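Treat the numbers as computed from the prediction; the structure is a model and nothing was measured. First the proteins, then the strands, lettered A, B, ... as listed; each starts at 1.
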Amino acid sequence: MTDEFIIKIENIFKTYKIGDIEVRALRGVDLQIIKGEFIAIMGPSGSGKSTLMNILGCLDIPDSGKYFLENIEVGKLNDNHLANIRNMKVGFVFQTFNLLSRLNTFQNVELPTIYTKTKLKNRKLVINQYIESVGLKGKEKNKPNELSGGERQRVAIARALINDPAIILADEPTGNLDSRTGEEIMAIFQKLNKQGKTIILVTHELDIARHTQRIIYLRDGLIIKQERIENPVMADEILSKMPKLEDRISVLK
Amino acid sequence: MRSFGKNIIIAFQSLFLNKLRSALTMLGIIIGVGAVVAVMSIGTGAQASVIDSIQGIGSNLIIIMPGGSDDDMGALNQFTSANKESLKLQDIDAIKKHSRYVDGIIPVILSAAPVTYKDKGSNVSIYASSEEAVGVYNFEIDTGKFFSKSDIANSSNVAVLGKTIKNKLFSNEDPLGKSIKIFGKNFKVIGTVKSKGANTFGQDQDNTIAIPVTTAMNKLYGQNYLNLIIAKTAEEKNLNLASEEITRILRKQHNIKSGQKNDFSIENQTEILNALSAVTNIFTIAISGIAAISLLVGGIGIMNIMLVSVTERTREIGIRKAIGAKNRDILTQFLTESVVLSLTGGLMGIIFALVISLLLNKYSPILTSVSFSSIALAISFSTFVRLFFGIYPAMRAARLNPIEALRFE
Ligand SMILES: Nc1ncnc2c1ncn2[C@@H]1O[C@H](COP(=O)(O)OP(=O)(O)OP(=O)(O)O)[C@@H](O)[C@H]1O
Ligand SMILES: [Mg+2]
């Protein structure tokens with residue numbers, strides 16, 4: 001048995017075809033992740049990071065190879081089961097937020113609960129709690145276009161958290177954000193990790209990756225290196241040292 | 001499974017958040033349903049007024065025509081059958097004598113003739129009958145009197161004028177006692193009848209002159225046969241019994257042996273109504289067909305909007321699927337949107353049609369009547385069209401792979 005691994009993939013292949021051209025995005029990837037781990041995936045553009053994340057998030061299906069999620073072989077599940085996993089077991093945070101532009105913050109965060117079998121108790125209260133926990137209290141009625149990039153990403157994180165999934169997958173969650181806002185997002189992830197969530201995030205920035213416990217390097221669809229971070233950077237500490245922009249402006253005066 | 005109520009909420013939310021798109025889609029349905037109901041209201045209105053005008057004559061009439069009815073075209077047979085001289089005045093006496101159910105019976109000869117008074121002239125319908133026509137055919141005397149039994153016995157040259165011909169020949173002059181010429185023969189005007197208005201086919205029922213049937217037979221046409229015999233029963237429920245009775249009496253009167261065919265045909269009011277309804281039904285079906293085609297075209301338009309909206313909403317579908325919506329959820333969302341649109345649109349279409357039909361009734365000569373069946377037809381058809389054209393785009397949307405949908409820009 002492979003009890004200790006919340007995620008285990010074996011020899012995953014994924015090839016995209018555009019006309020006659022084949023792009024081999026993943027070429028035999030093996031990976032084991034322990035429950036409660038915080039992992040960063042790095043690698044050059046086009047190396048297959050997003051492809052791997054999509055497969056882990058059950059948004060896409062590998063051509064071959066096995067994927068065990070909490071010891072269940074995902075490849076054997078039908079569409080409805082996969083939808084349930086996306087709904088309940090993994091929360092996905094996208095680089096481009098992927099919020100519904102016509103819905104406000106509250107409605108966007110609420111969205112996954114609409115597709116859940118069992119009714120959430122105290123739904124309104126729980127949703128508002130999650131909105132508060134990502135620091136968006138007072139912005140419940142704002143539409144995405146009335147929010148900053150960082151705020152949108154927080155909405156997306158709250159949405160990913162609403163059904164209390166064991167796993168958070170985040171594909172370049174800080175890619176569109178300035179360094180301070182990125183740091184704040186990392187603080188949220190570290191807090192969640194401390195609460196026991198397994199988190200996997202894709203990033204291009206080593207500074208961001210150093211917040212995690214393990215970095216996995218991908219290149220040309222293969223894992224080429226793994227690195228343990230003995231002393232992860234604590235976002236809270238950095239934030240406390242990092243002066244706020246308005247502080248710096250006031251210093252200049 | 002999520003509850004039906006939740007689906008409705010999502011659908012309403014989505015419709016409300018896309019007001020313009022919803023409004024455009026709905027417009028198609030409103031116009032489609034409105035057109036169907038309005039057009040059908042004209043059809044049923046025409047039908048109702050046909051039935052009205054026939055029942056205005058009296059709903060318990062039996063019409064006996066010369067010529068057998070060996071096929072379904074009974075009523076038309078008198079024009080084609082060789083034996084159009086089979087009905088005689090004696091037949092009326094025989095029926096009067098032997099029938100238990102017949103309450104009144106009149107001979108009818110219909111023709112058109114030139115009429116003149118002094119220097120004025122016109123063509124009119126000559127309605128030759130007996131004194132009983134007043135009761136059977138619902139003539140209402142305006143001035144003077146109708147011709148009498150003795151006028152019939154004497155083949156008197158007397159005439160009773162309808163409103164139109166009266167006005168044409170006499171304008172403001174009092175016609176009573178004046179002498180007019182029909183086919184060059186002098187007739188004395190003894191009465192006028194009240195206006196009956198135009199019938200459903202637009203014919204003026206007042207451009208008519210009634211004269212004694214015997215005068216027409218002996219002095220105008222020299223014929224010994226009748227065009228029609230109209231009989232009346234006291235009660236409508238006896239119509240069929242009376243028809244059978246008349247058949248028996250006439251067969252005996254005409255010496256028709258058993259096994260031989262009738263040389264006359266009998267129709268009663270109910271049958272005539274049915275025949276006429278059949279005609280107006282065809283009319284209604286034809287215009288409904290046109291309306292249905294417009295609904296169909298509207299439906300294709302709706303499908304277009306649905307397809308475009310699916311394309312537009314591919315990212316939305318991707319996002320919904322990425323956070324756990326099942327294919328079924330997407331499908332139900334789109335279908336519910338479809339149904340909500342078609343029901344609200346349908347409802348507004350009906351209101352639209354009601355307004356149109358009211359306006360037509362009020363400000364145009366067209367009579368309309370909105371029937372429940374036309375509403376039911378329009379609603380079920382538009383729902384069907386919507387579902388049919390909604391299902392395809394919805395299935396397409398539901399089948400999308402979340403990643404493909406998300407990549408859509
Ligand atoms: N839907 C697709 N169709 C065709 N090719 C694809 C598709 N998705 C990804 N690819 C190709 O697969 C390879 C891996 O793509 P992937 O998105 O996983 O890279 P990535 O590591 O996330 O890159 P980046 O850092 O730029 O986001 C790339 O060469 C890309 O062009
Ligand atoms: Mg990527």
Side-chain angles (χ1 to χ4, degrees), chain A residues 14 16 25 50-51 53-62 78-104 106-119 123 143-144 155-156 158-163 165 169 171, chain B residues 1-23 25 308-337 394-409:
Chain A
K14 180 80 189 177
Y16 293 105
S50 293
T51 308
M53 290 292 271
N54 293 340
I55 288 169
L56 292 177
C58 296
L59 295 168
D60 211 348
I61 300 161
N78 63 21
D79 272 3
N80 282 350
H81 278 118
L82 293 178
N84 269 337
I85 290 176
R86 292 196 293 267
N87 188 232
M88 302 295 295
K89 291 210 167 148
V90 294
F92 212 104
V93 180
F94 302 88
Q95 179 179 3
T96 51
F97 318 131
N98 281 332
L99 303 173
L100 286 185
S101 59
R102 294 183 194 268
L103 301 187
N104 64 29
F106 184 92
Q107 292 164 324
N108 265 298
V109 175
E110 180 189 29
L111 211 53
T113 67
I114 290 175
Y115 298 111
T116 304
K117 258 190 231 158
T118 50
K119 224 177 159 180
R123 215 160 75 131
K143 299 258 174 79
V155 176
R159 183 182 65 183
L161 293 173
I162 192 71
N163 276 337
L169 300 172
D171 193 352
Chain B
M1 254 323 258
R2 285 175 311 118
S3 67
F4 182 66
K6 243 177 185 176
N7 272 321
I8 299 252
I9 291 167
I10 296 178
F12 261 112
Q13 193 182 46
S14 155
L15 291 176
F16 187 72
L17 292 171
N18 298 280
K19 290 182 203 73
L20 180 66
R21 195 186 62 217
S22 309
T25 320
V308 170
S309 91
V310 168
T311 319
E312 247 177 35
R313 295 164 74 185
T314 307
R315 275 183 65 82
E316 175 189 339
I317 292 162
I319 292 170
R320 287 184 186 272
K321 291 190 81 169
I323 58 166
K326 299 182 174 65
N327 293 0
R328 189 173 63 210
D329 296 322
I330 302 292
L331 194 66
T332 19
Q333 181 192 336
F334 273 71
L335 283 183
T336 316
E337 277 182 41
M395 292 216 300
R396 229 180 61 154
R399 270 204 300 265
L400 287 171
N401 173 335
I403 275 302
E404 280 169 24
L406 278 175
R407 209 171 262 124
F408 194 88
E409 289 287 349

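- Per-residue heavy-atom pair counts under 4.5 Å with chain A were compared for B:G318, B:P402, B:A325, and the maximum is reached by B:A325.
- Heavy-atom distances place both the backbone and the side chain of A:N80 under 4.5 Å from chain B.
- Side-chain atoms of B:K326 and A:N84 form a donor-acceptor pair, as typed in the model, at a separation below 3.5 Å.
- In this structure, chain B has a heavy atom under 4.5 Å from the side chain of A:D79, while its backbone stays farther away.
- Between A:R86 and A:Y115, the side chains place no donor N or O within less than 3.5 Å of an acceptor N or O (distance only, hydrogens not considered).
- The pair A:D60-A:K14 counts as a salt bridge, with a side-chain nitrogen and a carboxylate oxygen less than 4.0 angstrom apart.
- Interface residue A:L99: only backbone heavy atoms are found under 4.5 Å from chain B.
- Side chain of A:N108 to main chain of A:L100: a donor-acceptor pair is present (N/O by atom type, distance under 3.5 Å, no hydrogens or angles).
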